[in-house]
Structure formats: C-alpha cells, structure tokens
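Working notes, structure below.
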Amino acid sequence: MNFFEIALIPARAGSKSILDKNIQKIHGRTLLEIAVTSAVESQIFNRIFVSSDSQDMLEIGKTFGASGWLREAEVARDNSTASEVLHDFLDSNSQINEAHCRISYLQPTSPFRTAEHIKAAKEIADNHVSHSCVSVRRVEDHPYKMVTLSGNSIAPYYMHQGKSFLTVNRQTMPAIYVTNGAIYMFPIDNFLRTGEFPIVGSGALVMDGRSSIDID
C-alpha cells in the first residue's frame with residue numbers, strides 16, 4: 001500500500017526538565033533543527049509539520065523545510081500527551097485522507113535518530129502486516145533480575161512457576177526491549193481506532209544505545 005507520508009515533530013515552548021530543551025544545541029544545531037533536517041534528508045515524506053505553541057519554534061521549522069502548525073494551548077501543557085497532540089493536529093486538518101495517510105511522530109529529544117533510521121523504519125512498516133513501525137532498544141538491566149524489598153530483605157520482583165531468575169545466566173534469558181521514543185510510524189486510521197499510538201502489534205526497528213538517547 002502506498003501512503004501519503006506525514007512527519008509530525010512536536011516542539012512546544014518551555015520544559016520542566018530542561019529549559020527550552022527543543023532549542024538547546026548539540027554541535028551548534030538545535031534539537032529542533034536536527035529533527036527537521038533528518039526528516040527532510042530521509043526523503044520519504046510528502047509533508048513535514050512542526051507542532052508548537054511557539055511562533056519561534058514554527059519559524060525554526062520553516063527555516064529547515066517544515067510547515068508550521070500552531071498547537072492549541074490546552075495541548076501544550078507539561079502533562080499533554082502525544083496522543084492529544086496528534087488529535088489536535090488531525091482535528092484541525094480534516095482534509096487529510098485517513099485511509100491513505102501514515103504519520104511518523106519524531107520527537108526532537110532523540111537527536112541521534114538519523115535519516116537512515118527513518119528510512120529503515122519505513123521499510124519495516126511497508127513490509128509489516130500493521131504498516132507500522134516503532135523504534136526500540138534492548139534493555140541491558142533485564143527485568144527478570146530486578147528485586148523488591150520486603151522490609152529490609154531482598155525479594156525477587158519476577159517469579160515464574162515459583163522460581164526466580166536471580167541466579168540464572170543473563171545470556172539464557174529472552175531479549176527484552178523498550179520503546180525509545182525516537183520513531184512512531186503508523187497509519188492514521190490505526191490510531192483513530194483506539195485514540196492511542198498503536199504500539200502493540202507494530203513492526204520494530206531496533207536501535208543501539210547511543211542512537212536511542214532521549215534528552216528529556
């Protein structure tokens with residue numbers, strides 16, 4: 001299936017963790033510039049949008065090749081979710097054909113995500129039954145090895161058939177991955193069915209630890 005490919009880059013003003021994090025610089029380039037440039041250089045998108053409550057952010061996006069979408073104030077709060085941001089964008093862009101559009105949600109806080117990663121994600125999505133792809137990284141601290149405290153005594157967090165894995169060699173345990181926030185790529189109608197990012201059942205792009213760094 002051929003999709004109309006849209007990149008949506010969320011970049012609200014301010015931040016509780018790092019002041020104005022989306023315009024902080026790495027090697028002289030803002031996180032927002034890096035995100036827009038990687039989307040442009042991937043050459044897979046029909047349209048690239050920056051969603052922000054800040055005109056300054058929108059202007060930065062336009063400088064490097066993205067259209068601006070002024071976000072509603074109620075979805076530009078500290079506790080606003082990615083799903084709310086996407087709903088705001090879709091509600092205001094009714095001309096988008098849901099059945100033939102695919103969204104790639106690319107957060108600026110993943111500055112080591114490259115155009116090559118984006119192209120690899122598209123290839124995975126194109127060949128996956130869900131037409132979706134989500135980036136992940138392998139977990140080094142295996143959850144089977146985690147413990148909790150019962151009073152001041154250690155107890156295994158995970159048990160299987162009455163046994164713990166605390167003394168099992170890590171190499172014999174199944175690989176575990178976590179979403180790294182770098183790429184969420186999915187058809188819009190998959191999102192609208194549940195109102196949430198359709199992560200379960202998506203194809204996976206495995207990224208290494210450095211590429212997965214999330215500045216938040």
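Basis for what follows: all heavy atoms, side chains included, without hydrogens, waters or symmetry-related copies. These numbers come from a predicted model, not from an experiment.
- Screening Asn190, Asn46, Asp126 against Arg102 for a side chain to side chain donor-acceptor pair (under 3.5 Å) leaves a single residue, Asp126.
- Annotation: side chain of Tyr184 is not in contact with side chain of Ile103 (no heavy-atom distance under 4.5 Å).
- Under the 3.5 Å distance criterion, the side-chain polar atoms of Gln107 are left unmatched by any main-chain donor or acceptor of Ala182.
- Using a 4.5 Å cut-off on side-chain heavy atoms (C-beta onward), Val147 and Pro156 make no contact.
- Side-chain contact between Val206 and Tyr177 is present, with heavy atoms from C-beta onward closer than 4.5 Å.
- When all heavy atoms of Val36 and Phe64 are compared, the pair lying nearest together is CG1-O, 3.5 Å.
- Shown here for Met185 and Ser104, the closest heavy-atom pair between the two residues is CE-OG, 3.2 Å.
- Between Ile44 and Lys119 there is a side-chain heavy-atom pair separated by less than 4.5 Å.
- By the 4.5 Å heavy-atom criterion applied to side chains, Thr37 and Arg29 are counted as neighbours.
- The distance from atom CZ of Arg113 to atom CG of Asn180, rounded to the nearest 0.5 Å, is 9.5 Å.
- Taking OG of Ser212 as the start and CZ of Arg138 as the end, the distance is 13.0 Å to the nearest 0.5 Å.
- Pairing each heavy atom of Ile23 with each of Thr30, the nearest pair is O-CG2, 3.5 Å.
- Hydrophobic clustering (ILVMFWY, side-chain heavy atoms < 4.5 Å, transitive): Leu90 and Phe49 are in one cluster.
- With hydrogens and angles disregarded, no donor-acceptor distance shorter than 3.5 Å links the side chain of Ser150 to the backbone of Ser153.
- Of the possible polar contacts, none joining the Glu123 side chain to the Ala120 backbone as a donor-acceptor pair under 3.5 Å is found.
- Ring to ring, His87 and Phe191 are close: their centroids are under 6.0 angstrom apart.
- Listed here is the closest heavy atom pair of Arg71 and Ala11: NH2-N, 3.4 Å.
- Side-chain atoms of Ser130 come within 3.5 Å of backbone atoms of Ser132 as a donor-acceptor pair (strictly under, hydrogens ignored).
- Between the side chains of Arg12 and Ser54, not a single donor N or O lies within less than 3.5 Å of an accepting N or O.
- The CZ atom of Phe3 sits 9.5 Å away from atom NZ of Lys122, with the distance rounded to the nearest 0.5 Å.
- Val168 and Met146 fall into different hydrophobic clusters, where Ile, Leu, Val, Met, Phe, Trp and Tyr side chains are chained together by heavy-atom contacts under 4.5 Å.
- Asp141 has no carboxylate O lying under 4.0 Å from a charged side-chain N of Lys145, or vice versa, which leaves the two without a salt bridge.
- Separating the CD1 atom in Ile34 from the CG atom in Asn22 is a distance of 11.0 Å, to the nearest 0.5 Å.
- Ring geometry, Tyr158 versus Tyr144: the interplanar angle falls under 30°, so the pair is classed parallel (tilted spans 30 to 60°).
- Cluster annotation: Phe197 and Val178 are assigned to distinct hydrophobic clusters (Ile/Leu/Val/Met/Phe/Trp/Tyr, side-chain heavy-atom contacts under 4.5 Å, transitive).
- Hydrophobic clustering (side-chain heavy atoms under 4.5 Å, transitive across Ile, Leu, Val, Met, Phe, Trp, Tyr) groups Ile199 together with Leu192.
- By the 4.5 Å heavy-atom criterion applied to side chains, Tyr105 and Ile9 are not counted as neighbours.
- If you chain together hydrophobic residues whose side chains sit under 4.5 Å apart, Val136 and Phe186 never meet in one group.
- Remark: His142 NE2 to Met173 CE distance equals 4.5 Å, nearest 0.5 Å.
- For Thr109, the side chain to side chain donor-acceptor pair (under 3.5 Å) criterion is met by Asp214, not counting sequence neighbours.
- Side-chain atoms of Ser110 never come within 3.5 Å of backbone atoms of Leu106 as a donor-acceptor pair (strictly under, hydrogens ignored).
- Between Ile215 and Leu31, the shortest heavy-atom distance links the atoms CD1-CD2, 4.2 Å.
- Two residues are said to be in side-chain contact when any heavy atoms from C-beta on lie closer than 4.5 Å; His117 and Ser135 fail this criterion.
- Inter-residue side-chain proximity for Pro143 and Ile176 is flagged as met; some heavy-atom pair is nearer than 4.5 Å.
- Counting only N and O atoms by type, the side chains of Ser211 and Asp208 include a donor and acceptor under 3.5 Å apart.
- A pairwise comparison of heavy atoms in Ala204 and Cys133 identifies C-SG, 4.0 Å as the closest pair.
- Separation of atoms CD1 (Ile188) and CZ (Phe4) is listed at 9.5 Å; rounding is to 0.5 Å.
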